[in-house]
Amino acid sequence: MKVDHHAAGAHGDAADTMYRTIEVAVVNHLDLSDDLNLIPPLNFSMVDNGVFRSGFPDSANFSFLQTLSLRSIICLCPEPYPEANMEFLKANGIRLFQFGIEGYKEPFVNIPEDTIREALKVVLDVRNHPVLIHCKRGKHRTGCLVGCLRKLQRWCLSSIFDEYQRFAAAKARVSDQRFMELFDVSSLKHMPMSFSCSKR
């Protein structure tokens, strides 16, 4: 629905025209959200072509996840995957890769390098794309895995830390950043990376 600016101008001043235009836009926006009802999981974001990240998805997010046509989900939590989530995966032909990394609070830190390395191999294999990486809140474990992927993509450390901090916010951990800084990507250099290797 469009507002006829000429007609509005004939009957009122410019402010009146502006008001009517804004009102129409808001009504259309409400109609759109009622139809789609798509709710992304907490901390959802696109990492790269075919790679996404988020916090733990629940049933409210399933309609949104369907729009991504996911082939795989990488879960970095050790707890058994919820029944409702398993049913969603089965119904949509999505494969689950679970790498149980304990949620931890500093200073008791042990990010298992081998586990991150195995998870990275799943991310790098385009046959698993589109893939969603998630942990509980999409901050620390997911942030470490994405940070190590960025090292492979030759991002500089300051950019890697900026991205990590954007998701972790006030909960950013020095230990996570140290882990990413020291993580050795040399054993993964031979892995083909056919999605964008943005160089920063």
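Source: prediction; values computed, not measured. Worth knowing before you read on, the calculation uses all heavy atoms, side chains too, and leaves out hydrogens, waters and symmetry mates.
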Check the pair Val47 / Arg150 against side-chain contact (heavy atoms from CB on, under 4.5 Å), numbers first and verdict last.
CA-CA 9 Å; Val47 175; Arg150 297 307 192 197; 3.5 Å; yes
Let's go through Cys77 and Arg141 carefully: what are the C-alpha distance in whole Å and the side-chain angles of both, what is the deciding distance for side-chain contact (heavy atoms from CB on, under 4.5 Å) to 0.1 Å, and is it a yes or a no?
CA-CA 8 Å; Cys77 302; Arg141 290 169 278 191; 4.0 Å; yes
Steps toward side-chain contact (heavy atoms from CB on, under 4.5 Å) verdict (Lys121, Leu188):
CA-CA 8 Å; Lys121 287 177 186 171; Leu188 295 161; 3.8 Å; yes
Evaluate the side-chain contact (heavy atoms from CB on, under 4.5 Å) criterion for residues Lys136 and Thr142: first the C-alpha distance (whole Å), next the side-chain angles of each, then the deciding distance (0.1 Å), finally the verdict.
CA-CA 9 Å; Lys136 203 77 182 158; Thr142 299; over 6 Å; no
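Linking Ile, Leu, Val, Met, Phe, Trp and Tyr whenever their side-chain heavy atoms come within less than 4.5 Å puts Val146 and Leu152 in one cluster. In the hydrophobic clustering of ILVMFWY residues, with side-chain heavy atoms under 4.5 Å counting as a link, Leu89 and Phe64 come out together. Ile39 and Leu70 fall into different hydrophobic clusters, where Ile, Leu, Val, Met, Phe, Trp and Tyr are joined by side-chain heavy atoms under 4.5 Å apart, directly or via other members. Leu124 and Leu76 fall within a single hydrophobic cluster, where Ile, Leu, Val, Met, Phe, Trp and Tyr are joined by side-chain heavy atoms under 4.5 Å apart, directly or via other members. Under the 4.5 Å side-chain contact rule for hydrophobic residues, Phe167 and Ile116 do not share a cluster.
A donor-acceptor contact shorter than 3.5 Å links the side chain of Lys151 to the backbone of Met180. Side-chain atoms of Asn85 come within 3.5 Å of backbone N or O of Pro57 as a donor-acceptor pair. Between the side chain of Ser54 and the main chain of Phe44, no donor-acceptor pair closer than 3.5 Å is present. With Glu79 contributing its side chain and Gly100 its backbone, the two residues share no donor-acceptor pair below 3.5 Å.
Summarising the geometry, atom CD belonging to Glu87 is positioned 11.0 Å from atom OG belonging to Ser59; distances are rounded to the nearest 0.5 Å.
Between His129 and Arg71 the shortest side-chain heavy-atom distance does not fall below 4.5 Å. The shortest side-chain heavy-atom distance between Val122 and Glu118 does not fall under the 4.5 Å cut-off. Using a 4.5 Å heavy-atom cutoff, the side chains of Ile74 and Leu132 are not in contact. Taking the side chain as every heavy atom from C-beta outward, Val51 and Pro130 never approach each other to under 4.5 Å. Using a 4.5 Å heavy-atom threshold, the side chains of Cys75 and Leu96 count as touching. Between Asn92 and Phe62, the closest side-chain pair of non-hydrogen atoms is not below 4.5 Å. Using a 4.5 Å heavy-atom threshold, the side chains of Gln66 and Leu38 count as separate. In this structure, the side chains of Arg173 and Phe179 stay at 4.5 Å or more apart for every pair of heavy atoms.
Under the salt bridge (Lys or Arg N to Asp or Glu O under 4.0 Å) criterion, Glu113 pairs with Arg117, not counting sequence neighbours.
When ring centroids are compared, His134 and Tyr81 come within the 6.0 Å threshold.
For Cys148 against Leu120, the heavy-atom pair with the smallest separation is CB-CD1, 3.8 Å. Closest non-hydrogen pair, Ala172 versus Gln165, comes out as CB-CG, 4.1 Å.
The cationic group of Arg137 does not satisfy the cation-pi geometry with Phe56, failing either the under 6.0 Å distance to the six-membered ring centre or the 45° limit from the ring axis.
Classification of the Phe97-Phe99 ring pair by plane angle, with boundaries at 30° and 60°, yields parallel.
With respect to Arg178 and Glu181, no salt bridge is recorded, no charged nitrogen being found less than 4.0 Å from a carboxylate O.
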